[in-house]
Colleague: 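I have a structure I would like to understand better, so I am pasting it below and will then ask my questions one at a time.
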Amino acid sequence: MDKFLVKRPSPGKNEEPPLEMKRGDLDCARDEGVLKRPRLEMPGTEESLVCSPWKQIRAEGLNCDYKILFTKTEADKIFQELEEEVEYFKGDLTKVQVFGKWHSIPRKQVTYGDPELTYTYSGVTFHPKPWIPVLNRIRERVTLATGHTFNFVLINRYKDGCDHIGEHRDDERELVPRSPIASVSFGACRDFFFRHGASRGKNASCHIEPVTLQLAHGSLLLMNYPTNVYWYHSLPTRRKVPGPRINLTFRKVMALAKN
Ligand SMILES: O=C(O)CCC(=O)C(=O)O
């Protein structure tokens, strides 16, 4: 059975040893499987911040950390606020260029961030909208949990399991070199798929097992360097997924000189 390592960070002498997990064991259910929140956690209190443990997800060149960041009550409320407050791009900004051809993206998208920044993705340059309170609150919680600051967020809304995002790396030149990307999810739990670059396509030079996670309501996936150098990620279609999902990827972006 293929395996990958899920370790706890910096094991102290009283902590459990690394967990050896079977692929597919990262169950999305909050209340079942290895990703369940600890029993001590009190929904809606600061205890949720300290008690939800990080799970380390490691493979060759892949370095990610996952945790439940928000209690269910908090996550439900934030999801509702995002539905009411976030204004998605319209018109030309809903299209991307793939191999020279323009396509409508199979989801809704928008960027928010510091005013001087821009972000070019699949042939389109995005100017961020100014921060709104709900995004600042999520951003602050991410900073508290990770110790990293972020000045930009890309938001993707998937109306159902047919909406998706294709395989790509987050390797845009505007990203601060070696900075992590913090991916926060609300709504329907979705499969999230990592594939090593050397294992892609007909001319794959080797076989490295893909890694599949399920990103739960209120969760945070921290993609650390060098994950995006070697690994592509995607959110595949899953027809049985019943409802919408909103994903926010917080990034550290540099202001680039205009060409
Ligand atoms: O929705 C997701 O979890 C993935 C989003 C993503 O791949 C991206 O923003 O680059």
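Both ligands and their constituent atoms are indexed starting at 1 by order of listing. Residues: numbered from 1 along the sequence shown.
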Colleague: Can you classify the ring geometry of W131 versus F250 as parallel (below 30°), tilted (30 to 60°) or perpendicular (above 60°)?
Modeller: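 Parallel.
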Colleague: Which of the numbered atoms in ligand 1 are under 4.0 angstrom from any heavy atom belonging to H233?
Modeller: 6 (C), 7 (O), 10 (O)
Colleague: Is a side-chain donor or acceptor of S199 paired with a backbone partner of C206 at a separation under 3.5 angstrom?
Modeller: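 Yes; at least one donor-acceptor contact below 3.5 Å.
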Colleague: Please state which protein non-hydrogen atom is closest to atom 10 (O) of ligand 1 and give its distance, to 0.1 Å?
Modeller: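 Nearest neighbour among protein heavy atoms for atom 10 (O) of ligand 1, to 0.1 Å: H168 NE2, 2.8 Å.
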Colleague: Just to confirm my output: which protein heavy-atom neighbour is closest to atom 5 (C) of ligand 1, and how far is it?
Modeller: N247 OD1, 3.5 Å
Colleague: Return the orientation label for the Y230 and H196 ring planes: parallel under 30°, perpendicular over 60°, tilted otherwise.
Modeller: parallel
Colleague: Where's the contact between R190 and ligand 1, heavy-atom distance under 4.0 Å: side chain, backbone, both or neither?
Modeller: neither
Colleague: So, D160 and K240, do they make that salt bridge, N to O below 4.0 Å?
Modeller: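 No.
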Colleague: Could you check if a side-chain atom of R58 sits within less than 4.5 angstrom of a side-chain atom of N63, using non-hydrogen atoms only?
Modeller: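 R58 reaches N63 side chain to side chain.
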Colleague: Which part of R251 is near ligand 1, with near meaning a heavy atom under 4.0 Å away: side chain, backbone, both or neither?
Modeller: side chain
Colleague: Taking R169 for the side chain and V229 for the main chain, is one N or O donor matched with an acceptor at less than 3.5 Å?
Modeller: yes
Colleague: What atoms of ligand 1 come closer than 4.0 angstrom to any heavy atom of N156?
Modeller: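 Every atom of ligand 1 under 4.0 Å from some heavy atom of N156: 5 (C), 9 (O).
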Colleague: Under a 4.0 angstrom heavy-atom cut-off, which atoms of ligand 1 come close to D170?
Modeller: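 Near D170, the atoms of ligand 1 are 10 (O).
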Colleague: What protein heavy atom sits nearest atom 3 (O) of ligand 1, and how far off is it?
Modeller: R245 NH2, 2.8 Å
Colleague: Which atoms of ligand 1 have any heavy atom of L154 under 4.0 Å away?
Modeller: 9 (O)
Colleague: Evaluate S183 for polar contact with ligand 1, using N/O atom pairs at a separation under 3.5 Å.
Modeller: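 In this structure, S183 places no N or O atom under 3.5 Å from an N or O of ligand 1.
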Colleague: Between S183 and T249, is any side-chain donor less than 3.5 angstrom from a side-chain acceptor?
Modeller: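 Result is no, nothing qualifies.
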Colleague: For the residue pair F152 and Y119, categorise the inter-ring angle as parallel (less than 30°), tilted (30 to 60°) or perpendicular (more than 60°).
Modeller: tilted
Colleague: Going by distance only, is there an N or O of S185 that falls short of 3.5 Å from an N or O of ligand 1?
Modeller: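 Not met; the criterion fails.
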Colleague: Can you tell me which residue and heavy atom of the protein come closest to atom 1 (O) of ligand 1, and the distance to 0.1 Å?
Modeller: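 I find the closest protein heavy atom is Y158 OH, 2.6 Å.
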Colleague: Using a strict 4.0 Å cut-off to heavy atoms of F192, name the atoms of ligand 1 that fall inside it.
Modeller: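 Atoms satisfying the 4.0 Å criterion: 3 (O), 4 (C).
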Colleague: Less than 4.5 Å apart, side chain to side chain, heavy atoms only: is that true for L215 and R190?
Modeller: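 Side chain of L215 against side chain of R190, heavy atoms only: no contact under 4.5 Å found.
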